[in-house]
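First the proteins, then the strands, lettered A, B, ... as listed; each starts at 1.
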Number of protein chains: 2
Amino acid sequence: MQLDAVDQRIVALLVADARSSYADIGAKVSLSAPAVKRRVDRLRSSGVIKGFTTVVDPAAVGWTTEAFVELFCTGRTTPAQITVAARRHPEVVGAYTVSGQADALVHLRAADIGHLEQVLERLRAEPFVTSTRSMIVLSRLVETPTPVPALE
Amino acid sequence: MQLDAVDQRIVALLVADARSSYADIGAKVSLSAPAVKRRVDRLRSSGVIKGFTTVVDPAAVGWTTEAFVELFCTGRTTPAQITVAARRHPEVVGAYTVSGQADALVHLRAADIGHLEQVLERLRAEPFVTSTRSMIVLSRLVETPTPVPALE
DNA sequence: AATGAAAAGATATGGGC
DNA sequence: GCCCATATCTTTTCATT
């Protein structure tokens, strides 16, 4: 789908605050509220906007530990297999196939180090995983949503 | 701040859809709309809820390339220095200090490989960076918000 | 301290143009 | 795309537990 400059600004405003009213957005992009809503509906149904979510402080909900784990897999492993395995574990918040030495990179959140160790054990028990290399997050410096070129 | 079971369910519902109405949430947690609003206000002001955002398909807004870059830094580098440097680049969507060989891990999104290369050059030009190791994302298998133990 | 009911104002949403 | 009408939602006030 092709986005014009107004669509991009609407998306950028919704990324900044998903609960903005259509009227507020409209005031900023010089459209009426119904016009904004129609664009947002179109952006949603076309898949540009995948949903609206809430940014939660992980520590506040009891998840204080975070890690990135490189997976080294057997030769015949497919991305689909990794996906299925990753989705089995609610602690996996991100998973990517990557270039370089590792085959995949998995982003984990866990309650504490004990929980993390347990998830790592479960991951390493997957039949296609030959080895892993973990980076435990010491501090989260930056974490932002996908930037949208806003064309201000 | 201490969250009770109802707070956790409210947070989980808002993570699933940040635009749910207070009445809808209230119907699911057996509270009136004003009661839900008061809890959400409290969760926001206490920092449990950091904000509401929109999940965008990066490809749809012109960002087709993604990478994770390990940074190796000089001995005297502080997390604050890395934070400042990372925030200078809008392509940095995540940055973390980590245990292991690397000092930091940076998550980048860029329009294309050329753009990514240019960002990498800028990162490597930071005075405290001694070397980098890049993993280019071949496919995004999983990407979900922080899970909230929902206690259903 | 937290809740529900009611009321007022703001917003969402569909139809007509 | 806009304007309008109505349904729904948000938010404040107030009384109750």
Quick note, A:R39 side chain, CB onward, closest among C:dA6, D:dG1, C:dT3 is D:dG1
cation_pi(A:R19, B:Y22) dist<6.0 Å, angle<=45: yes
To the nearest Å, give me how far apart NZ (B:K37) and C1' (C:dT3) are. 15 Å
Interatomic distance where OH belongs to B:Y22 and P belongs to C:dA10 [whole Å]: 16 Å
With the side chain defined as heavy atoms from C-beta on, B:A23 is closest, among C:dG14, C:dT3, D:dC9, to D:dC9
Establish, with yes or no, whether the OP1 or OP2 oxygen of D:dT11 is under 4.0 angstrom from a side-chain nitrogen or oxygen of B:R38. no
B:D7 has an atom CG; how far is it from atom P of C:dA1, in whole Å? 16 Å
Counting any heavy atom closer than 4.0 Å, what does B:S32 reach on the DNA or RNA strands: base, sugar-phosphate only, or nothing? base
Sugar-phosphate only, base, or nothing, as touched by B:R42 at under 4.0 Å among non-hydrogen atoms: nothing
Using heavy atoms to find the nearest nucleotide of DNA chain D for B:D41 and B:D24 separately, return the residue whose nucleotide is more 5′. B:D24
Got a salt bridge between B:R87 and A:E143, using NZ or NE/NH1/NH2 to carboxylate O under 4.0 Å? no
Let me know the distance between CD1 of A:I25 and P of C:dA10, rounded to the nearest Å. 18 Å
Six-ring centre of A:Y96, B:R140 cation under 6.0 angstrom, axis tolerance 45°: no
Look at the rings of B:H115 and B:W63 and say which category their plane angle falls in: under 30° parallel, 30 to 60° tilted, over 60° perpendicular. tilted
Presence of B:R19 side-chain N/O under 4.0 Å of C:dA12 phosphate oxygens OP1/OP2: yes
Side chain of B:A35 only, please: which of C:dT13, D:dC9, C:dT3 is the nearest? C:dT3
